[in-house]
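In this text the structure is predicted, and so the values were computed from the model without any measurement.
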Amino acid sequence: MSWKYRANATLEGLTGYTLTRRLRKEPPKPPPPPPLELQRLPGDTARPPVDPEHDRLLREPVFLLSSVRSGSTLLRVMLNSHSRVHSPIETHFRRMSVGLGTDPVRQAMEALGHNHSDIEHIVWDRMLHRELTRSGKPVLVEKTPSNVFAWRRISTCWPDARFVFLLRHPMSIVQSWHEADPGKRPMTEAVPRTLSYMTYLEEARTHLEGLTMRYEALVADPEAELRRLCLFLGVEWEPVMLNYGSKDHGGFVKGIGDWRDKIRTGTVVAGRPLPSPDEIPDELQEICRQWGYLS
């Protein structure tokens with residue numbers, strides 16, 4: 001029996017405690033660096049094309065900026081029915097990134113004067129240009145709602161881009177977002193989730209030039225609003241835009257556009273009644289005033 005065992009046995013009998021050796025704490029190990037393909041090149045910033053003539057294929061692309069649940073899919077398919085306008089499904093192009101996984105390719109890109117953002121911009125431009133070219137039409141209108149969060153980078157990528165801002169009553173947006181999937185989208189989350197889109201949309205509308213439209217006006221008098229939009233785009237008004245169901249616009253699928261029954265009707269459906277002022281929560285009061293829905 002070792003002296004340590006006898007000492008601990010005696011101590012435990014007298015006091016109920018034993019002696020233990022305190023283990024020395026090892027300092028935490030620093031996390032490993034991310035894989036090389038996930039590391040951005042030094043000094044990476046979003047900047048305009050270095051050589052606009054060769055770095056961009058798209059000329060004057062149009063971006064429809066809106067919150068979710070604002071009628072952007074309706075406006076997309078009406079535009080896509082035009083013989084000169086291609087408005088594809090939500091492409092989510094801004095989520096496309098590039099990985100430079102070896103030192104030689106990183107060295108080569110830096111020698112060519114490119115950073116990560118430059119290369120991503122070229123990929124974005126090439127992908128959208130391909131969609132436009134395949135359509136055989138001259139005007140592209142892209143409408144992914146989350147583009148509002150990247151309006152600065154989009155306007156930097158395409159300095160000649162044009163913008164259409166689609167507004168809707170903020171409380172109607174909230175209600176529509178909740179009703180699209182009530183189980184997964186409780187009303188407690190509806191206001192903060194949709195308000196973030198509205199806030200960035202208003203920021204973009206403040207800093208960028210473009211045409212502002214309202215969902216309520218679009219469904220109340222679609223011909224008048226579409227004529228106004230066609231004038232902005234530089235194309236002639238075409239009556240077929242009102243009957244978008246006669247054209248193929250791709251599937252109405254959740255994740256890349258509206259998918260509910262209203263859009264599947266193929267015709268413009270009247271909007272819901274506007275909420276009364278006492279139905280508008282405090283968090284939405286300011287954006288309602290900014291958009292002219294409250295005095």
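With sequence neighbours left out, His121 forms a side chain to side chain donor-acceptor pair (under 3.5 Å) with Arg153. Scanning for side-chain contact (heavy atoms from CB on, under 4.5 Å) contacts around Pro48 gives Thr156, Pro159, with sequence neighbours left out. Among residues two or more places apart in sequence or in another chain, the side-chain contact (heavy atoms from CB on, under 4.5 Å) test is passed with Leu41 by Leu100, Arg106, Met109, Glu110, His116. By the side-chain contact (heavy atoms from CB on, under 4.5 Å) test, Thr102 is found to be paired with Pro104, Val105, residues two or more places apart in sequence or in another chain being considered.
Residue Glu37 places its CD atom among more than 12 non-hydrogen atoms of other residues, nucleotides or ligands, all under 6.0 Å distant. Dense packing is recorded around CZ of Arg59, with more than 12 heavy atoms of other residues, nucleotides or ligands lying under 6.0 Å away. Other residues, nucleotides and ligands contribute over 12 non-hydrogen atoms within 6.0 Å of the CZ atom of Arg228. Taking a 6.0 Å sphere around CD of Glu209, one finds it holds 12 or fewer heavy atoms contributed by other residues, nucleotides or ligands.
Between Leu201 atom CG and Ser70 atom OG the span is 7.5 Å, to the nearest 0.5 Å. Between the CG atom in Leu226 and the CG atom in Leu79 there is a gap of 7.0 Å [rounded to 0.5 Å]. To the nearest 0.5 Å, atoms CG (Leu218) and CD (Glu223) are separated by 12.0 Å. One finds the CD atom of Glu203 at 11.0 Å from the CZ atom of Phe149 (value rounded to the nearest 0.5 Å). If you take SG on Cys157 and CZ on Arg94, they are separated by 13.0 Å, rounding to the nearest 0.5 Å. Remark: Met171 CE to Ser276 OG distance equals 9.5 Å, nearest 0.5 Å.
Under the 3.5 Å distance criterion, the side-chain polar atoms of Trp124 are matched with a main-chain donor or acceptor of Met96. A donor-acceptor pair under 3.5 Å is formed between the side chain of Asp125 and the backbone N or O of Leu57. Formation of a donor-acceptor pair under 3.5 Å by the Lys137 side chain with backbone atoms of Asn80 is found in this model. The backbone N or O of Glu202 sits nowhere less than 3.5 Å from a side-chain atom of Gln290 that would complete a donor-acceptor pair. In this structure, Gln285 contributes its side chain and Asp282 its backbone to no donor-acceptor pair below 3.5 Å. A donor-acceptor distance shorter than 3.5 angstrom exists from the side chain of Asp55 to the backbone of Asp51, with no hydrogens or angles considered. Side-chain N or O atoms of Arg152 include none that pairs as donor or acceptor with a backbone N or O of Ala46 at under 3.5 Å.
Taking hydrophobic clusters as Ile, Leu, Val, Met, Phe, Trp and Tyr residues chained together by side-chain heavy-atom distances below 4.5 Å, Trp237 shares a cluster with Val235. Put simply, Leu233 and Leu211 are part of the same group of oily side chains (I, L, V, M, F, W, Y) that touch within less than 4.5 Å, one to the next. Residues Leu166 and Leu140 fall into different hydrophobic clusters, defined by Ile, Leu, Val, Met, Phe, Trp and Tyr side chains chained together at heavy-atom separations under 4.5 Å. Linking Ile, Leu, Val, Met, Phe, Trp and Tyr whenever their side-chain heavy atoms come within less than 4.5 Å leaves Val219 and Ile173 in two separate clusters.
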Side-chain donor-acceptor contacts of residues 60-68 below 3.5 Å, not counting sequence neighbours, with atom names and distances?
none

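For Asp118 and Arg47, the salt-bridge test passes: some basic side-chain N is under 4.0 Å from an acidic carboxylate O. In this structure, Arg272 pairs ionically with Glu179, as a charged nitrogen and a carboxylate oxygen lie closer than 4.0 Å.
Side-chain atoms of Ser172 and Gln175 form no donor-acceptor pair, as typed in the model, at a separation below 3.5 Å. Side-chain contact, Ser87 with Glu142: no donor N or O sits under 3.5 Å from an acceptor N or O. Arg69 and Ser176 form a side-chain donor-acceptor contact under 3.5 Å, judged by distance and modelled atom types alone.
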### Query
Step by step, would you call Arg168 with Arg214 a side-chain contact (heavy atoms from CB on, under 4.5 Å)?
CA-CA 6 Å; Arg168 187 183 186 184; Arg214 294 180 185 273; over 6 Å; no

### Query
Does the side-chain contact (heavy atoms from CB on, under 4.5 Å) test come out yes or no for Val85 and Met241, once each step is laid out?
CA-CA 11 Å; Val85 180; Met241 300 173 74; over 6 Å; no

### Message
With side-chain contact (heavy atoms from CB on, under 4.5 Å) as the criterion, how do His92 and Asn147 come out once you've worked through the C-alpha distance, each side chain's angles and the decisive distance to 0.1 Å?
### Response
CA-CA 8 Å; His92 298 271; Asn147 283 346; over 6 Å; no

### Task
With side-chain contact (heavy atoms from CB on, under 4.5 Å) as the test, would you mind laying out the steps for Val164 and Val141 before giving the verdict?
CA-CA 9 Å; Val164 176; Val141 181; 6.0 Å; no

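Across all non-hydrogen atoms, the minimal contact from Met213 to Leu229 is SD-CD2, 3.9 Å. Of all heavy-atom pairs spanning Lys143 and Ser72, the tightest one is NZ-OG, 2.9 Å.
The ring pair (Phe, Tyr, Trp, His ring centres under 6.0 Å) pairs that include a residue from residues 275-294 are His169-Tyr293, where partners are two or more places apart or lie in different chains.
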